[in-house]
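Take a look at the structure set out below.
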Protein chains: 2
Amino acid sequence: MNDVTRTLGTRERLVQTTSRLMQRQGYEATGIKQISREAGVALSSVYHFFPSGKQELAVAAVRHADREFADILREALAGESDPGAAMIACTRLLATYLRDSDWLDGCPITATALETSGRVPDIQQAAREAFEHWRSLVADKLRRAGIAEQDVLDLARTAINTLEGAELDAQVSHSEEPLQIAGRHLARLINSYRR
Amino acid sequence: MNDVTRTLGTRERLVQTTSRLMQRQGYEATGIKQISREAGVALSSVYHFFPSGKQELAVAAVRHADREFADILREALAGESDPGAAMIACTRLLATYLRDSDWLDGCPITATALETSGRVPDIQQAAREAFEHWRSLVADKLRRAGIAEQDVLDLARTAINTLEGAELDAQVSHSEEPLQIAGRHLARLINSYRR
DNA sequence: GTCTATACCCCGATAGAC
DNA sequence: GTCTATCGGGGTATAGAC
């Protein structure tokens, strides 16, 4: 039990706990019993709120992580007017989360998405929607900064993907450097498209 | 049983089968029994060759994937003299593997590395070494193409990381487009560093 | 909605004959 | 080195009282 245990409703606690555990361990290694224990919820209650079990709970957790990271990303992007500087701000934020969690808290959905690839369509769909959502936030930022419309979607896609790859590298390397480098390179790439 | 079953020694068959299964399912979802069955090897033989069990086998599988992908990468890079064109050749190759496997065969070690993050140091170490190895191949290519030494290592790092992120996106999206876009952007970024 | 108890299955790992 | 058999535990999921 932690502070989350007391302030939220049972369903919310389950989703949030599942999201955090799957971020760190992935889908298969995260058990329903572990979730119910850490959320301070009876096992039977899990099946009360999510009758079809683990997959349904995982989908809710991925959607939760989608919204949560979107909020973080939106705020980081809004803090800088220049879009290149905004990407660097994003890498700083990701690096901080990683370091402060002893290199455990990377992208909240990547492990789950990869493990269930081709096997659990509902989870795949939720992951697809999350990436699409995050891309759209970067695209908005680029558009408002005056990047030509024909470049916006492609740049946003590479920006999110480079963040994903650099975050994975940082997590495995226990180093903020891959993210710092990615920030500089993304800023340079975006600047090369400015008119 | 498949063709791999007959042409290789028992140990090699185990490692190769494990590598393929963990590429698609990750570490936790891949069971020792499944491995021994698909490799056509008795369960007890797994423990004969890998006395300390699943973790030891997984480390060997990650090292195998390291060497295997390094061979592929080296060949793709050697096929083009221009380093930007070489990166585009890499994205084409990754896209082909993904499409031809129904979007199942992405990076052979990412899922395993993420799932065991902070929990299985031996696997983490093997994954770290693999990424480092792949980066060094790209760095060689950039160096030979005359990129300034102070830019080589950083560019190689972002190149591998962007490939990783774009491959993840392609796998989740069931589309070659993220990789095509990444190839174009990486070529542009590298060209901006040419002297 | 939450409690306790449990069915049923598959996991990693091992034993001992051959 | 490979065979069959099995152990102990934990997995998901369910039943039925309250």
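First the proteins, then the strands, lettered A, B, ... as listed; each starts at 1. This one's a predicted model, so the numbers in the text were calculated from it and none came from an experiment.
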Distance, rounded to the nearest Å, where Phe50(B) contributes CZ and dG12(C) contributes C1'
16 Å
What's the NE2-C1' distance between His48(B) and dA15(C), to the nearest Å?
16 Å
May I ask you to check whether His185(A) and Tyr193(B) place their ring centers less than 6.0 Å from one another?
yes
The reported gap from CG in Leu114(B) to CD in Glu167(A) (rounded to nearest 0.5 angstrom) is 9.5 Å
Could you list the residues that satisfy ring pair (Phe, Tyr, Trp, His ring centres under 6.0 Å) with Tyr27(A), not counting sequence neighbours?
none
Looking only at the side chains, is there a donor atom on one of Gln180(A) and Thr91(A) sitting less than 3.5 Å from an acceptor on the other?
no
At less than 4.0 Å, is any side-chain N or O atom of Ser45(B) found next to OP1 or OP2 of dG1(D)? Yes or no.
no
Under the rule for side-chain hydrogen bond (donor to acceptor under 3.5 Å, both in side chains), what residues qualify as partners of Ser117(A), not counting sequence neighbours?
Gln171(B)
Hey, can you pull the residues of residues 112-123 of chain A with a non-hydrogen atom under 4.0 angstrom from DNA chain C?
none
Just the rounded figure in Å: distance from C1' of dA13(C) to CD1 of Ile35(B).
14 Å
Each nucleotide of nucleotides 11-18 of chain D classed B (base within 4.0 Å of a protein heavy atom), S (only sugar-phosphate) or -, in 5' to 3' order, makes BBBBB---
Could you tell me whether the side chains of Arg13(A) and Thr18(A) share a donor-acceptor contact shorter than 3.5 Å?
no
Qualifying salt bridge (Lys or Arg N to Asp or Glu O under 4.0 Å) pairs, either residue in residues 185-195 of chain B, two or more places apart:
Asp82(B)-Arg194(B)
Would you indicate, yes or no, if dG1(C) has its OP1 or OP2 atom less than 4.0 angstrom from a side-chain nitrogen or oxygen of Thr10(A)?
no
Which pairs with one or both residues in residues 88-107 of chain B pass ring pair (Phe, Tyr, Trp, His ring centres under 6.0 Å), sequence neighbours excluded?
Trp103(B)-His174(B)
